[in-house]
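Report on one structure; see the data block that follows.
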Amino acid sequence: MKKSRNAAIDIIRICAATLIVLHHYQQGTGIEFHCILFYGGKFNFAYVVELFFVISGLLAYKGAAGLPSLREFGGVKCVASYLFLQLVLQRKLS
């Protein structure tokens, strides 16, 4: 079975990733982009992160082989996230 890519989804994902990088660059350096207002603008750029993760999750779900349902896929991701969170908390507490 040949895997097909949706160019529109890839372009949206690239734009979201670029805006996230610019946002963090602005936070780290303190410079201001006059054409894009990350802070105090009409658009809250925090939603770009959610958009990026939703698109990435959708693509990961579509590309997952052997997982017959969304419930099973979500269960696997929840277990993986829980284990990662436990690892992070354990390192932070020690």
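Since this is a predicted model, take the numbers as computed values, not measurements.
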So how far is it from [X] [atom1] to [Y] [atom2], rounded to the nearest 0.5 Å?
X: Leu19; Y: Ile14; atom1: CG; atom2: CD1; value: 12.0 Å
X: Cys15; Y: Leu51; atom1: SG; atom2: CG; value: 10.0 Å
X: Arg13; Y: Phe53; atom1: CZ; atom2: CZ; value: 10.5 Å
X: Leu87; Y: Tyr82; atom1: CG; atom2: OH; value: 12.5 Å

